[in-house]
J.: 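Sending over a structure as structure tokens; questions will come in a sec.
Source: prediction; values computed, not measured. All chains are named by letter (A, B, ...) in the order of the sequence lines, taking the proteins before the strands, and each is independently numbered beginning at 1.
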Amino acid sequence: MASKAVYLHRDPMLKKRDDFEDILEERRNSSDLRYALRCYTPILYKGVSPCKADTLKNMVLQSDQLHYVINQVSKEMSRAVDDIQEEASAILEEMAHCLQLSTVRFFAFTLSKVFKTLFRSICVNEEGIQRLQQAIQEHPVVLLPSHRSYMDFLLMSYILYTYDLALPVIAAGMDFMGMKFVGEMLRMSGAFFIRRSFGGDKLYWAVFSEYVKTMLKNGFAPVEFFLEGTRSRTCKSLTPKLGLLNIVMDPYFKGEVFDVSLVPVSISYERILEEALYAREMLGVPKPKESTSGLFKARKVLSEDYGSIHVYFGQPVSVRSLAEGRINRCQFNLIPRHVPNRPSEDIQSFVNDSAYRLVRAQEENMVLKPWVLLASLLLQNHHQNQASGQNPGMALDELTEQAVWLRDLSRQYGAFLHWPDHMPPPDVISSSLSLHRGLVKMSEGRVQLALEQAGGQAGPGEPRSTLATPEEELLSRAVVVLSCASYRNQALHVFLRPALLAAAIHTAASNQKQEVFNSFSFLRNMFSNEFILCPGATVQDFEEACFLLVKTGALQVTQQEVLVTERGHRTLVFLTSMLDPFLQGYQVVCRFLCEEAPEVLTEKQFIPAVRKFIIKHLLAGRLRYTEVLSSDLQKNTLAALLRLGAVRKIKGAAQGTLKVNKVMVNSLEDTLGGKLPTQKAVVARL
Amino acid sequence: MASNSSGGSSDRQRIAQQRLRIIAGHLQRPVDGDSAILAAECKAQGSQPDASSEEKTVPRRRQEIMKWNGWGYSDSRFLFNKKGQAEFTGKRYRLSGMIIPGLKDWFESTFGASLQHKTPATPILNSSAVHPPTLNETFIEELKSTGIPFSHDAEDRVFRAHGHCLHEIFALREGRFGRVPDMVLWPNCHNDVVKIVELASKHNVCLIPYGGGTSVSSALECPKEETRSIVSLDTSQMNRILWIDEKNLTAHVEAGIVGQDLERLLNESGYCTGHEPDSMEFSSLGGWVATRASGMKKNIYGNIEDLIIHVKMVTPRGVIEKSCQGPRMSTGPDIHHFIMGSEGTLGVVTEVTMKIRPMPEYQKYGSVVFPNFEQGVACLREVARQRCAPASIRLMDNEQFKFGHALKPQVSSIFTSFLDGLKKFYITKFKGFDPNRLCVATLLFEGDREKVLQHEKQVYDIAAKFGGLAAGEDNGQRGYMLTFVIAYLRDLGMDYYVIGESFETSVPWDRVLDICRNVKARIVRECKEKGVQFPPLSTCRVTQTYDAGACVYFYFAFNYRGLSDPVHVYEQVEHAAREEILANGGSLSHHHGVGKLRKEWMRETVSNVGMGMLKSVKDYVDPNNIFGNRNLL
Ligand SMILES: Cc1cc2nc3c(=O)[nH]c(=O)nc-3n(C[C@H](O)[C@H](O)[C@H](O)COP(=O)(O)OP(=O)(O)OC[C@H]3O[C@@H](n4cnc5c(N)ncnc54)[C@H](O)[C@@H]3O)c2cc1C
């Protein structure tokens, strides 16, 4: 039943979404102090009483699961059981949250103040809150917010506190612990900390998974974590990480709970606090270590207007319904459930599919602001003008016309667009532009990307270099382009499938449906590290893309053929242009691997080397998309090539040594460029 | 004691006489084919006045004393009287003739049912609605010469066309009859059965053994696709104890005897088998063997597989039996295990040698209240770990605890004491037990007095560690007494739009709580999804403990007003519940068997090879599928 919510509706126009309520409004009209001190009595799962942090720790340490692993490790390493027990205890100490209402109240107070200065509004769908409240009482709940900002989990807890809902315990990365004070504050507001990598550490894994499961099974609190694993620096959803999802589904597989509710939450920021930081990071300006002072500095600098936030609590997804007919739980009948076990293949693929569906559900309920459409149009315009050497920018009325066109198109594609329909379009546009002053400017009645001031913009708080090399200038322009791209990226999921089809039509040798499908399937496969494309859903995605393009009159699809209509031309040009930077980017990376990469290359060397290569091409004018400088794109390309077997990791050699199959990489590049028909190239072996 | 031992000695004489008769019978054994003398031999044996045969419970025409479309004796049933109070009619049971004041409220509030909305059963069996029998004339011709009584009367046939699954009884109440046996035979002894099986094989007639008819697995249902004449072989007249061996503590018994007769007759000699399935009033020794039955007191006496020393089964290939009565053998796979659980697919069990025990000197009931089900299960687990389970220990969940309360009769020495009310007060108020969470375990201790008291203390001490509070003998005794009348309650529910059933499983200890929670929740959810308008009753109890796990019973009932095909909905929910059981590590069945109801899960339960093994046994023993009830495989 609930699982259907995760699937795409046949006609996206019919998608029904809840209305929003601004929770800051009340904060502006009544006492924050009283709010922070008010009576807080959330209802818990099946009426269980909340569990003290220490009790929880004891439950974990005394669990059969942990005992088993402790004994195992003790035998393997010939160390005393007590020793290992102590180590487990220490791991737990380092990990565990210690939620304290007083800290929550402190945050409730301070965040009220902070949010009111930073944001115009924080809008929440209250029906989603009601569904959540219901879900919490019925089954253990897992909250799965999208991750775009450090703000996310404070914001989540703030909202749940506001609605008198049970506060979640949140899986957070260890890097927060670098910030001593903040780390402890976060711990006291319900965060628990996981090391970034603990690959083969059995004991760590056992403590960690048992800790999460104990909280979940007993319904002490909703468990919250980020499917994407880390903040998306590009505003594109990241391909999901499966570890924690596996852990929270496990109690259902093993019959320890009747069901688990997964609640995807979509948090959309009109302006992201970390906007410029992200761009710099992707361009190779090293990521500032997450230090307390850094965060404070960032906040101080960024104390301006960040527009509004929309938080959409999606339909709870029942793990039981998802698993129906897919997972035979009898597979756990023959081994004691406390013996750790590598998940079977069907479980792994089920968890993977579910993870994608959930990220798709997050995407679908992301609120898009008009600015997102403007950023898409301005970027496309920028690249076209650059190529044709025209005047930079677009006239305001031209931009308005195109924006209105795109507004209508995106709505037909089912976008969750918040366009104030009561305002005349030009006003909508100028107010959007003014919020993003750092990225766009108006000059001579034309709107253009704020590339000139880019140098100054790139590193707020840093002295502007006086003597900029061409490379430095390129990089500082790239900061603006990447920032803009991150807004465009917010809308990508709306256009992705039609865009893949448009690109497929473009590259396919003929209009034959089969051939177009082959191209589509190739591209989809190629980009499945880049975008959220559910595994095994090629046909479904193809049909959806056809459906949308046919519905909007851009395409005619017959039994055999796929034909672009007269009026469909504009749509297809827009769609292909949207995907083009990625197509070009992947080709450049391929070219690098064929032309410049040494025989053996380590993973570490890859990014700097490919960056150098791209800079060279950009400066020489052989490449127009600055955004391919994004390390995110470069990493995704490499991941795709690894997945396809065009690049291999050499076993036995030094960590992360790569071996490039140049013939294959070359043919992939040609296929991407439409120089090789898909069938001949790689489709056969995909 | 004195009377006991004298009873024992008179019994010894009786047995000696009986043995002589049997030996005489052997000497007289006729040459093959002389059926007239064979039948005469059986009759001679049966007509001996000593075996209290007048007191035997089951007449050939069962419908004379038992309901044709419900549970048990015709004179005993629940009804709501004119004042709207529930009462139980008849004189047979301790509850008979009593008013049960709490039942109406419980019934109405639990199911949302109302006494205004009735769904009475068709009162009379309409013979013309029964398909005329398909008779195999040559078979009948030869059968007549054996003198074995038979009938193709519609009532006799309908009575043997079903067990006690919900769908079976529901159809009867509506006066619907599917395929029913074409005739009923009453063999009188082993040799009669040999004769019948030979004739059936010769004339290709389908045989279905019928014991007590208490099957709850659709085992007795006639396969729709069967085109041959179907003959129901009613074992009820093979009901003698042929000998008792006090040296070895065994008794040799004909397989048609029903549990209550077996116990009563053995008791007369100072013995018992201790095998007491809840259906023991009506279920038969042969039925127990054929379904691998389990009795309430298995902790002392064992399940049927622990009780059997020797079995004789007549198959189309001939008679299968062991050559001696050694208590254990290493002679390859135990052939008894092909017989036990064969569910009438291989042949007819005719005679069984089983263990007997001296009747216990002392019995004591007891009960313990726990603050919640989790604690209760933990206590049972500990009792099992220490291997100190009483003869019976059962743990009811909260809903069943409340149900038990609703069934308290108005006045009775054993039922109420003024302390009852006080105790309730004590439990809920002083101990801080939540009346919506507490649960109760009922206990039965047996043995010599001293040991029982010692044992009792041990169990109560363990219970105390888990927050358990002794709640008196009355509560315990009432719990066990209700066992026998509870089956009658379903008929009452069916008079008022409420249908239900119980089903069971066995499960490792670490899964008990999970399976209870999940299956109950699944039932509730499925009912909702299938459009049931009222919340169902979905409850469970742990009824047996083992070293490595427990037997769990689920009870499930709902008000079906507003549903067009309630039985179908019921079956879908039960199906889902079984899937849930299997997914939670439970077995397909602990003791009810597979029959046709649970056949679809057999392969995954025993693996492909396991199925192949069972099939090849069937193919060898019964190549023409004479025992064609199509259970199990
Ligand atoms: C209210 C109620 C309570 C119950 N409680 C219990 C319980 O506590 N424990 C328990 O184990 N079961 C219980 N049952 C289930 C049932 O009583 C048992 O399965 C019992 O063993 C069936 O015996 P029966 O004589 O009634 O067999 P029937 O119902 O007549 O037959 C059952 C199957 O055995 C075959 N069969 C019968 N007799 C023979 C024979 N002589 N030779 C070969 N095959 C034969 C039949 O063909 C059929 O397939 C209960 C049932 C009900 C309705």
Side-chain angles (χ1 to χ4, degrees), chain A residues 1-4 45-49 51 59 62-65 67-68 134-135 137-140 213-214 216-219 249-261 316 318-339 341 344 346-347 350, chain B residues 371-374 377-378 381 398 432 434 436-437 505-531 535 538 540 548-549 552 554 572 575-588 600-607 610:
Chain A
M1 233 176 26
S3 70
K4 284 199 192 102
Y45 169 60
K46 299 250 160 85
V48 301
S49 41
C51 170
M59 287 173 81
Q62 278 158 22
S63 67
D64 296 340
Q65 282 77 352
H67 273 283
Y68 183 90
Q134 186 67 29
Q137 288 171 55
E138 285 170 358
H139 304 294
K213 282 185 213 172
T214 307
L216 190 78
K217 278 190 296 204
N218 294 290
M249 284 180 160
D250 194 63
Y252 165 73
F253 297 144
K254 293 187 174 156
E256 293 164 328
V257 295
F258 181 73
D259 201 353
V260 174
S261 294
S318 139
V319 174
R320 178 175 275 269
S321 318
L322 279 180
E324 205 177 298
R326 282 206 55 176
I327 298 298
N328 184 354
R329 285 179 289 159
C330 291
Q331 62 187 283
F332 298 102
N333 285 357
L334 298 180
I335 306 162
R337 290 176 295 173
H338 64 267
V339 176
N341 225 325
S344 64
D346 62 330
I347 298 249
F350 168 72
Chain B
N372 56 47
F373 192 65
E374 289 76 7
V377 170
R381 204 280 161 266
N398 181 261
D434 177 350
N436 290 315
R437 298 196 68 202
T505 187
S506 55
V507 64
W509 277 117
D510 72 309
R511 295 269 200 170
V512 170
L513 281 177
D514 290 331
I515 208 170
C516 290
R517 179 194 51 241
N518 291 349
V519 173
K520 288 200 281 184
R522 179 76 181 261
I523 288 170
V524 172
R525 198 178 102 148
E526 293 287 332
C527 280
K528 205 166 159 191
E529 280 179 14
K530 302 284 177 307
S538 172
C540 71
V552 179
F554 295 96
Q572 285 180 308
H575 188 274
R578 182 58 62 180
E579 298 257 304
E580 192 65 32
I581 287 174
L582 298 176
N584 282 273
S587 65
L588 189 53
E600 64 179 291
W601 292 288
M602 260 307 266
R603 187 171 292 275
E604 64 186 86
T605 300
V606 302
S607 81

J.: Between Leu582(B) and Asn333(A), what is the shortest heavy-atom contact and its length?
T.: O-ND2, 3.3 Å

J.: The criterion is ring-ring contact (aromatic ring centres under 6.0 Å, His included); which residues satisfy it with His67(A), sequence neighbours excluded?
T.: none

J.: At what distance, to the nearest 0.5 angstrom, does CG of Asn584(B) lie from SG of Cys330(A)?
T.: 9.0 Å

J.: Quick one: of Arg511(B), Glu604(B), Arg517(B), who has the most non-hydrogen atom pairs under 4.5 Å with chain A?
T.: Arg511(B)

J.: Between Arg525(B) and chain A, with a heavy-atom cut-off of 4.5 Å, which part of the residue counts as in contact: side chain, backbone, both or neither?
T.: side chain

J.: By a 4.5 Å heavy-atom criterion (distance strictly below it), what part of Asp64(A) contacts chain B: side chain, backbone, both, or neither?
T.: neither

J.: In the structure I gave you, are the side-chain heavy atoms of Arg337(A) and Asp514(B) within less than 4.5 Å of one another anywhere?
T.: yes

J.: Are Glu579(B) and Arg329(A) ion-paired here, with the side-chain N under 4.0 Å from a carboxylate O?
T.: no

J.: What option among Phe332(A), Phe253(A), Phe258(A) has the most heavy-atom pairs under 4.5 Å with chain B?
T.: Phe258(A)

J.: Kindly write out the residues that satisfy side-chain hydrogen bond (donor to acceptor under 3.5 Å, both in side chains) with Arg603(B), not counting sequence neighbours, or none if the list is empty.
T.: Asn608(B)

